[in-house]
Structures are given as C-alpha cells and as structure tokens.
Amino acid sequence: MVTVAKVMGEGDLAAAAAKIRHGKLVAFPTETVYGLGADATNDLAVAAIFDAKGRPRFNPLIVHVADQRDAASLSTWPPLAATLAAHFWPGPITMIVNRRDNNGLSLLVSAGSDTVALRMPDHPLALALLRLAGRPVAAPSANPAGRISPTMADHVAVGLGDRVDLILDGGTCPIGVESTVVDLTGSKPRLLRPGGLTRETIETAIGHALLDPQQETAKDESPLLSPGQLSSHYAPRHRVRLNAEMVAPDEGLLAFGPNPIAGATCTFNLSPKGDLREAAAHLFAMLHDLDRRDIAGIAVMPIPSAGLGEAIVDRLKRAAAER
Ligand code: TXA
Ligand code: MG
C-alpha cells in the first residue's frame, strides 16, 4: 500500500525530499492540484512518472522550481518571463520558454522539444519540498492520464495507489484547477491552457491580449501547441452533459448558483452563491464524488465563461468530449 503522510514537521518533508533525490515518486499538494513529482534531472525517475500515469511520452511535463533564479538557470528566460514571474510567482502560471543547453534537465520532460514548462507553485509544502530536494521537480497532475485531476490526497491514493512511493497530505488544494499555461517562445505570448490565474489578470499585467493556441502571427511559422490539450481529458466514468436546463431522475446534477434544477438523484452545487472561485475549488472533488455514485450520467448547469470560468468551462468541455 502507498503511504499517505500528513506532514507534521520538517523531518517528514526531509524524508520526502530524500525520496525525490533517490529517484522515487512523491505526490505533493500545490495551490492548484496535487502533483506527481520526481527529480527532473533523472531520466529514469521522469520515465517512471509517465509509466505511473499511463501518460503518452509525447506529452511534456511541467518542471517545478523553488525560485525565479532556478527558472533563469534552466532556460533562456526572456524579459516577459521575468515580468510575469515578478507579478505572479509563486502562483498558478506556468511559462513555456526555451531550454538552456546542458541545463541538466531530462529531455523526457520536454518530450524531445527545445522548450520547457516552468512553474513556481504557491504552496508551503511544495516550496519546502523543492528547497529540500535541491533540484527541479517534474510534476504532472497526480491522476491516471485522461482522468479527473486530484485536489485531495485521497484522490491520488484511489487513482494511482501503490504506483506512488509517498503521498504528502496537505489537505484540499485551495484553487482547484491547474495552472494557466502561457507559451513565451513566439513573438507574442499565447495562452495554451486556461487555469487558476485568469486571462484578464495576465493581460492587465502585460498590457495587451494573449494569443489563442491556434492564432498565428506573421513572425511565427507554426505555433506551439500543448499536447496535453487533447479534447477528451478529465474524463469521469459517467457521461457528462453540459448546459443542462432539465435533469432526468436517474442523473446526478452538478449545479451552479442559487437555483439548482430540481429532480436529480443527487445534487452537488459548485457554488450556491454563484462564485467562480468557489466553483473552481469544488470542481474536481465534486466530479470525483459524482463519479462514485450509481447514476446514469452527470448533468451540468450553465457556468459563465469569464474569469476563472474560462478554466472551469474548458475542463467541463473536455470531460464531456467524445472518447
Ligand atoms: O497546476 C498545474 O499545472 C499542475 C500542478 C501539479 O503543478 N500540473 C499540471 O501538469 O497540470 P499536467 O502535466 O497535468 O499539465 C501540463 C500541461 C499539459 O497540457 C502539457 O502538454 C503542457 O502543460 N506542457 C508541458 N510542457 C510543455 C511544453 N514544453 N510545451 C507545450 N506544452 C507543455
Ligand atoms: Mg493533468
């Protein structure tokens, strides 16, 4: 059985950091979701992440760092990355930048490309683990590939079991959706994945709009796509139906706002007061709960797509996509 450890003190974190240095897999909490971490400089350890998740090798991993200096030593770190880091790190934004030659990172984290995804998480346990490990940590979300992301240690234990060496239990992740991924390798920054930091907040900080994934500029011949943004993803066992206005008696309801539709077998309300921050924090846990129920499908009420709603609607569309 996998060990799920509540962190009581520095000793527990030091033991977890030693496991990372020895090439083991350690799941840990971040402000967004739980990550499945391994030493990003160790090919075998990184390969073990792909195996544990059943993740296709063409889908690169995010490398987590303890501070901006580490990010700058691993990559060419353009001025815009420094600006975004100054505004938002530690925090839920991941930047895709060009790798520096001989930076020590496993090529597997980049799935063979010249770029690397870097992120400094805003969570005390994650930051302490990174500092004690003394090296960059590759970590995708700690769920089997294509399934719902974990926001509690229990989700990781159920999904990955003893494919993980240790799960650090830090309670529930406060933001609840993954980091926003921004590609800084082209002539203009591009939003590859909406996430916990809203598009509007980033655009205000940089003073202009972010490009969309497929949007080309005259200078970029072929925009970088995020291989992880495959359409079927976050898939619950049950069929998911979006923008429901009615619900069948054998369906479970994922509601939003003060007036949930009546008549479902069971109802989970993302935010009775209609708050998107609260809805993001509840999203994956409620999908995990609904998935355990004996129901015919999951009906989801309409959710506004502005602000954090962009990430929530993105995840729900993928959950509802044809498999
Ligand atoms: O909040 C998060 O970002 C969480 C926590 C654990 O930090 N991590 C996470 O990792 O969501 P993952 O692997 O589930 O999602 C990473 C996304 C994928 O869509 C992947 O394709 C993309 O980032 N990605 C990683 N490296 C990339 C690269 N070099 N170029 C383009 N996309 C990249
Ligand atoms: Mg993921």
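When a residue number appears, it is its place in the shown sequence, counting from 1. Computation of the quantities below employed the complete heavy-atom set of this structure, encompassing side-chain atoms and omitting hydrogens, waters and symmetry-equivalent molecules. The shown structure was predicted, so the numbers you read here are calculated from the model rather than taken from an experiment.
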Q: Decide whether Ile175 and Phe284 are clustered together by the hydrophobic rule: side chain heavy atoms of Ile, Leu, Val, Met, Phe, Trp, Tyr closer than 4.5 Å, transitively.
A: yes
Q. Hey, what do you get for CD (Glu178) to OG (Ser141), rounding to the nearest 0.5 Å?
A. 5.5 Å
(Q) If we ignore hydrogens and angles and just use 3.5 Å, is the side chain of Glu310 paired with the main-chain N or O of Thr198 as donor and acceptor? (A) no
Q) Should Phe268 and Val240 be regarded as members of a common hydrophobic cluster, given that ILVMFWY residues are connected when their side-chain heavy atoms come within less than 4.5 Å of each other, either directly or indirectly? A) yes
**Q.** Heavy-atom neighbours of Arg277 CZ exceed 12 at 6.0 Å
**A.** no
Counting only pairs under 3.5 Å, give me each side-chain donor-acceptor contact of residues 27-35, with atom names and distances, residues two or more places apart or in other chains.
| residue | atom | partner | partner atom | Å |
| --- | --- | --- | --- | --- |
| Thr30 | OG1 | Thr32 | N | 3.0 |
| Thr30 | OG1 | Thr32 | OG1 | 2.8 |
| Thr30 | OG1 | Val33 | N | 3.3 |
| Thr30 | OG1 | Val33 | O | 2.7 |
| Thr30 | OG1 | Arg119 | NH2 | 3.1 |
| Glu31 | OE1 | Arg119 | NH2 | 3.0 |
| Glu31 | OE1 | Asp122 | N | 3.1 |
| Glu31 | OE2 | Arg119 | NH1 | 3.0 |
| Glu31 | OE2 | Asp122 | N | 3.2 |
| Thr32 | OG1 | Arg119 | NH2 | 3.1 |
| Tyr34 | OH | Gly170 | N | 3.0 |
| Tyr34 | OH | Gly171 | N | 3.3 |
| Tyr34 | OH | Gly171 | O | 2.6 |

Q: State plainly whether one hydrophobic cluster holds both Leu80 and Leu197, where clusters connect Ile, Leu, Val, Met, Phe, Trp and Tyr through side-chain heavy atoms under 4.5 angstrom apart.
A: yes
Q.
Before you tell me yes or no, could you show the steps for Arg292 and Asp154 under salt bridge (Lys or Arg N to Asp or Glu O under 4.0 Å), namely the whole-Å CA-CA distance, both residues' side-chain angles and the distance that decides it to 0.1 Å?
A. CA-CA 13 Å; Arg292 291 184 191 132; Asp154 175 56; 3.6 Å; yes
Q | Check: Ser271 and Leu276 side chains under 4.5 Å, non-hydrogen atoms | A | no
Q | Side-chain heavy-atom pair Lys317, Leu242 within 4.5 angstrom cut-off | A | yes
Q: Could you please spell out the steps behind the side chain to side chain contact (heavy atoms under 4.5 Å, CB included) verdict for Leu168 and Leu13?
A: CA-CA 8 Å; Leu168 287 179; Leu13 279 168; 3.9 Å; yes
Q: Taking the side chain as every heavy atom from C-beta outward, state whether Thr172 and Met152 have any atom pair closer than 4.5 Å.
A: yes
Q) Looking only at heavy atoms, what is the nearest atom pair of Glu251 and Ile295, with distance? A) C-CG2, 4.2 Å
Q) Is any side-chain heavy atom of Ile202 closer than 4.5 Å to a side-chain heavy atom of Pro189? A) no
Q: Compare every heavy atom of Trp77 with every heavy atom of Ala85, then report the nearest pair and how far apart it is.
A: CB-CZ2, 3.9 Å
(Q) Can you tell me how far apart CG (Leu44) and CD1 (Ile49) are? Round to the nearest 0.5 Å. (A) 12.0 Å
Q.
I need the His208 NE2 to Lys188 NZ distance, nearest 0.5 Å.
A. 8.0 Å
**Q.** Same apolar cluster: Val26 and Leu130, side chain cutoff 4.5 Å
**A.** yes
Q.
In the structure I gave you, are the side-chain heavy atoms of Asn143 and Ile148 within less than 4.5 Å of one another anywhere?
A. no
Q | Test item: side-chain donor near acceptor, Arg315 and Tyr234, under 3.5 Å | A | yes
Q | Pro236 vs Leu290 side-chain heavy atoms within contact, under 4.5 Å | A | no
Q: Might you confirm whether atom CG of Asp51 has over 12 heavy atoms from other residues, nucleotides or ligands at distances under 6.0 Å?
A: yes
Q) Under the side chain to side chain contact (heavy atoms under 4.5 Å, CB included) criterion, do Leu316 and Leu254 qualify, and how do the steps go? A) CA-CA 11 Å; Leu316 286 169; Leu254 189 61; 4.1 Å; yes
Q) Going hydrophobic residue to hydrophobic residue with side-chain gaps under 4.5 angstrom, can you get from Met120 over to Val116? A) yes
Q: Could you please spell out the steps behind the side chain to side chain contact (heavy atoms under 4.5 Å, CB included) verdict for His64 and Leu129?
A: CA-CA 10 Å; His64 295 68; Leu129 179 68; over 6 Å; no
Q: Look at atom CZ of Arg57 and say whether more than 12 heavy atoms of other residues, nucleotides or ligands are closer to it than 6.0 Å.
A: yes
Q) Do Asp67 and Arg69 sit within salt-bridge range, that is, some charged N less than 4.0 Å from a carboxylate O? A) yes
Q. Taking His22 for the side chain and Lys24 for the main chain, is one N or O donor matched with an acceptor at less than 3.5 Å?
A. no
(Q) Under 3.5 Å, is there a donor on one side chain and an acceptor on the other for Thr265 and Arg293? (A) no
Q) Would you say the side chain of Arg99 lies within less than 4.5 Å of the side chain of Val109, judging by non-hydrogen atoms? A) yes
Q.
For the CG atom of Asn269 and the CE atom of Met286, what is their distance to the nearest 0.5 Å?
A. 6.5 Å
Q.
If we ignore hydrogens and angles and just use 3.5 Å, is the side chain of Arg21 paired with the main-chain N or O of Leu132 as donor and acceptor?
A. yes
Q. If you take all heavy atoms of Ser179 and Thr94, which pair is closest and at what distance?
A. OG-OG1, 2.7 Å
**Q.** Shortest non-hydrogen contact from Leu160 toward Ala52
**A.** CD2-O, 3.5 Å
Q | Considering all heavy atoms, the nearest Ser75-Val97 contact | A | CB-CG2, 3.4 Å
Q. Hey, mind stepping through Met301 and Ile261 against side chain to side chain contact (heavy atoms under 4.5 Å, CB included) and telling me if it holds?
A. CA-CA 8 Å; Met301 286 177 64; Ile261 312 166; 3.6 Å; yes
**Q.** Exercise: identify the closest heavy-atom pair between Ala117 and Leu61
**A.** CB-O, 4.1 Å
Q: Among Asp39, Thr41, Asp43, find the residue that satisfies the side chain to side chain donor-acceptor pair (under 3.5 Å) test when tested with Ser106.
A: Asp43
**Q.** Point-to-point distance, once rounded to the nearest 0.5 Å, from CD of Gln68 to CH2 of Trp89
**A.** 6.5 Å
Q.
According to side-chain contact (heavy atoms from CB on, under 4.5 Å), who are the partners of Ala205, at least two apart in sequence or on a separate chain?
A. His87, Phe88
Q: Tell me, please, which residues at least two apart from Phe256 pass ring-ring contact (aromatic ring centres under 6.0 Å, His included).
A: none
Q) At what distance, to the nearest 0.5 angstrom, does CD1 of Ile298 lie from CZ of Arg237? A) 9.0 Å
Q: Run through Val137, Leu25, Val156 and flag the one making a side chain to side chain contact (heavy atoms under 4.5 Å, CB included) with Leu36.
A: Leu25
Q) So do the side chains of Leu84 and Leu184 get within less than 4.5 Å of each other, counting heavy atoms only? A) yes
